[in-house]
Amino acid sequence: QLQLVESGGGLVQPGGSLRLSCAASRSTLRFYTAGWFRQAPGKEREWVSCINPTGDSALADSVKGRFTISRDNAKNTMYLQMNSLEPEDTADYYCAATPPGILGDCVHAVVTKRFLNWGQGTQVTVSS
């Protein structure tokens, strides 16, 4: 079964940048629809971004223009580049994947709760 491990979180000032990594093992990440989610203290988990096996991706409106999702197939790793960070971006960030072979609009996989395989999370704090 696919294993996911996030890294790259930390403390950053408003306006700063961070790049989160999601390293996959035991299977090939590019065969899965994968994504990033976050959960702020006292709030429900929310979807941030996703990418399907063909490379089509999507971003939540709250991060469009600031965040970018990508995948390096050679490294079996997914990334979330976060620029122009705001205090409201403070949260635990999780990468997740659906079962293999799910194609099409990755947002549909979010809506239908197909993300069943989760990493342990990495904390991002945006504060001056």
Side-chain angles (χ1 to χ4, degrees):
Q1 184 177 349
L2 186 71
Q3 281 197 330
L4 303 170
V5 178
E6 303 94 333
S7 62
L11 173 64
V12 62
Q13 292 186 342
S17 298
L18 281 175
R19 189 178 76 159
L20 305 183
S21 299
C22 174
S25 61
R26 297 191 178 182
S27 190
T28 304
L29 184 61
R30 64 184 174 90
F31 295 148
Y32 298 74
T33 287
W36 291 96
F37 296 75
R38 67 186 181 186
Q39 186 167 19
K43 294 188 176 182
E44 292 189 354
R45 186 173 62 200
E46 65 173 350
W47 165 69
V48 176
S49 186
C50 59
I51 185 167
N52 74 6
T54 59
D56 296 324
S57 62
L59 291 165
D61 287 344
S62 59
V63 303
K64 278 181 181 176
R66 301 188 299 121
F67 290 12
T68 303
I69 191 171
S70 63
R71 186 179 63 218
D72 186 330
N73 293 335
K75 295 184 177 180
N76 211 27
T77 299
M78 179 175 66
Y79 301 99
L80 185 67
Q81 178 66 44
M82 305 187 296
N83 299 328
S84 302
L85 282 161
E86 303 167 353
E88 292 73 23
D89 296 316
T90 294
D92 291 326
Y93 283 72
Y94 299 87
C95 66
T98 68
I102 292 181
L103 303 178
D105 182 2
C106 63
V107 177
H108 181 72
V110 174
V111 172
T112 55
K113 302 186 187 301
R114 297 304 304 273
F115 287 83
L116 305 179
N117 195 339
W118 294 80
Q120 85 290 347
T122 186
Q123 188 175 55
V124 172
T125 302
V126 185
S127 175
S128 55

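Count residues from 1 along the sequence. These numbers come from the heavy atoms of this one structure, side chains and all, not from hydrogens, waters or symmetry mates. Please read these numbers as outputs of a predicted model, since none were measured by experiment.
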* **Donor-acceptor pair, side chain of Asp72 and main chain of Thr77, under 3.5 angstrom** => no
* Does the side chain of Leu103 come within less than 4.5 Å of Pro53's, by heavy atoms? -> yes
List the atom pairs, with distances to 0.1 Å, where a side-chain N or O of residues 16-27 and a protein N or O form a donor-acceptor pair under 3.5 Å, not counting sequence neighbours.
unit_1	atom_1	unit_2	atom_2	d
Ser17	OG	Asn83	OD1	2.9
Ser27	OG	Tyr32	OH	2.8

* Side chains of Arg38 and Asp89: does their closest heavy-atom pair fall under 4.5 Å? -> yes
* Heavy-atom check, side chain of Val107 versus side chain of Cys50, under 4.5 Å -> yes
* **Leu29 side chain reached by Asn76 side chain, heavy atoms, under 4.5 Å** => yes
* To do: Flag yes if more than 12 heavy atoms outside Arg114 fall under 6.0 Å of its CZ atom; otherwise flag no.
  => no
* Asked: Between atom CZ of Phe37 and atom CG of Asp92, what is the distance when rounded to the nearest 0.5 Å?
  -> 14.5 Å
* Asked: Honestly curious: do Ile69 and Ile102 fall in one hydrophobic cluster under the side-chain, below-4.5 Å linking rule?
  -> no
* Same cluster or not: are Trp47 and Val63 linked, directly or through other Ile, Leu, Val, Met, Phe, Trp or Tyr residues, by side-chain heavy atoms under 4.5 angstrom apart? -> no
* Asked: Any donor-acceptor pair under 3.5 Å linking the side chain of Arg30 with the backbone of Gly55?
  -> no
* Asked: Just how far is it from atom CG of Asp56 to atom CD1 of Ile51, taken to the nearest 0.5 Å?
  -> 8.0 Å
May I have the list of side-chain donor-acceptor pairs in residues 116-128 shorter than 3.5 Å, sequence neighbours left out?
unit_1	atom_1	unit_2	atom_2	d
Asn117	ND2	Leu2	O	2.6
Trp118	NE1	Phe115	O	3.0
Gln120	NE2	Glu6	O	3.3
Thr122	OG1	Gly9	N	3.1

* Sub-3.5 Å donor-acceptor pair from the side chain of Ser49 to the main-chain atoms of Ala58, do we have one? -> yes
* **Pairwise distance CG(Leu59) to OG1(Thr68) - rounded to 0.5 angstrom** => 6.5 Å
* Asked: Is Cys106 close to Ser57 at the side-chain level, that is, under 4.5 Å between some pair of heavy atoms?
  -> no
* Asked: What ring pair (Phe, Tyr, Trp, His ring centres under 6.0 Å) pairs are there with at least one residue in residues 73-113, not counting sequence neighbours?
  -> none
